[in-house]
Peer 1: 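First, the structure itself, so that you have it in front of you.
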Amino acid sequence: MAHPVADGLRGRDLLALSDLTPEEFERIIETSLDLKHRWAAGDRPRALEHRTIAMIFEKQSLRTRSTFDIAMFQLGGHSVLLSQNYIGWGVRETIRDVAHNLERWVDGIMARTYGHETLTELARHADVPVINGLSDLLHPCQLLADYLTMRETFGTMRDLTIAYVGDGNNVCNTHVEAATLAGSRLRIACPEGFDPDEGVLAAARARGGEIEVVRDPRAAAADADVLYTDVWISMGQEEDSGRRREAFAGYTVTPEWFDDLSSRGVFMHDLPAHYGEECTEESVYHERSVVFDQAENRLHAQKGVLVELLSEG
Ligand code: CP
Ligand code: NVA
């Protein structure tokens, strides 16, 4: 476990947004926005000079892998890409041994895993911060970029109505945590049997989260400021695809749905998209879509996370 130090987020793990207070969540977003503006203005802060992270991937990635790498480079640091093929963790050597090697070389570890418990095991052993780059349970870095996008789109990330339609998966679970921190109203529409994680939901409600789970996706979208969807078949669920495609009939978001949103309402998706399943290609390329702003903001949000957790201050 990384050792928390007095200065806010420095030295901490980021495995779940529920690890953060609302103030810390907002602080990462504001740091990300500031770094984005500074970069656009030609400022080149080297907040992570001589800092190094290891990036471990058990699964594929375009956005997470690229943006962590680019973020480290642009802030003067360096990243080392490792994949299951390279290190064979849990097979060639134990996660504990991997942790005790890496902590001697790097200042942080970002990992994308199947089981969330693999991440918690890594974090338990590693003496440097561990950042969740997606697990089967949660995807905190995605929602930081998404709330940064909402903050820019609406001028605030408070008092928004968000409709998430689709599978109650890692992205949906993280919506539950993020909405609780930001104080947004979250309506989740999913077929029975595909609800978000019970524990995540119960913990969020205990913290005052306003989260509704319904079965009618069009009703969930009515008057929403954000209509958000994600794939029905996440990485690792390919064998279950037939059953899932049947269960999610009626959940394909098309641009007609956008007429039901609030006047400022936008469409969001974390990508990759499976066109013809959770949404059409027209939805992603529609004028009310901010999907590529989200993708761009992965870079800036990654910078915010890295600076808050890893910079020397
Ligand atoms: N949204 C997201 O995490 O994309 P990647 O899987 O490509 O990293
Ligand atoms: N729910 C998707 C998110 C991909 C970024 C998955 O886990 O495959």
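As the structure is a prediction and not an experimental result, all values here were calculated from the model. Atoms within a ligand are numbered from 1 in the order they appear, just like the ligands themselves.
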Peer 1: Could you tell me which residues satisfy ring pair (Phe, Tyr, Trp, His ring centres under 6.0 Å) with Phe292, sequence neighbours excluded, listed by chain and number?
Peer 2: Tyr285
Peer 1: Let me check something: do Leu299 and Leu271 share a hydrophobic cluster, defined by ILVMFWY side-chain heavy atoms less than 4.5 Å apart, either directly or through other members?
Peer 2: no
Peer 1: Using a strict cut-off of 4.0 Å, indicate which atoms of ligand 1 neighbour a heavy atom of Arg112.
Peer 2: 3 (O), 5 (P), 6 (O), 8 (O)
Peer 1: Atom 1 (N) of ligand 1: which protein heavy atom is closest, and how many Å away?
Peer 2: Leu271 O, 2.8 Å
Peer 1: Are any side-chain N or O atoms of Ser79 and backbone N or O atoms of Met72, one a donor and one an acceptor, separated by less than 3.5 Å?
Peer 2: no
Peer 1: Evaluate the side-chain proximity of Asn101 to Glu93: yes if any heavy-atom separation is below 4.5 Å, no if none is.
Peer 2: yes
Peer 1: Distance under 4.0 Å, heavy atoms only, partner ligand 2: which residues pass?
Peer 2: Leu134, Asn169, Asn170, Asp230, Val231, Ser234, Met235, Asp270, Leu271
Peer 1: Quick one: does His139 get a heavy atom under 4.0 Å from ligand 1?
Peer 2: yes
Peer 1: Can we say Glu256 and Arg218 salt-bridge, meaning some charged N sits less than 4.0 Å from an Asp/Glu carboxylate O?
Peer 2: no
Peer 1: Is the contact between Leu134 and ligand 1 made by the side chain, the backbone, both, or neither, using heavy atoms and a 4.0 Å cut-off?
Peer 2: neither
Peer 1: With a 4.0 Å cut-off on heavy atoms, is Asp270 touching ligand 1?
Peer 2: yes
Peer 1: May I ask you to check whether Leu62 has an N/O atom sitting below 3.5 Å from an N/O atom of ligand 1?
Peer 2: yes
Peer 1: Counting the benzene-type ring for Trp, do Tyr228 and His175 have ring centres under 6.0 Å apart?
Peer 2: yes
Peer 1: Out of Arg298, Arg63, Gln294, who is nearest to atom 5 (P) of ligand 1 when you count heavy atoms only?
Peer 2: Arg63
Peer 1: Do the charged groups of Arg187 and Asp223 touch, with an N to O distance under 4.0 Å?
Peer 2: no
Peer 1: Between the side chains of Glu121 and Arg96, is the shortest nitrogen-to-carboxylate-oxygen separation below 4.0 Å, so that they form an ion pair?
Peer 2: no
Peer 1: Only one of His300, Gln302, Arg298, Glu296 forms a side-chain hydrogen bond (donor to acceptor under 3.5 Å, both in side chains) with Thr67, so which one is it?
Peer 2: Gln302
Peer 1: Going by the order shown, which atoms of ligand 1 are within less than 4.0 Å of some heavy atom of Ser61?
Peer 2: 5 (P), 6 (O), 7 (O), 8 (O)
Peer 1: Is Arg244 close enough and on-axis enough to Phe194, meaning under 6.0 Å and within 45°, for cation-pi?
Peer 2: no
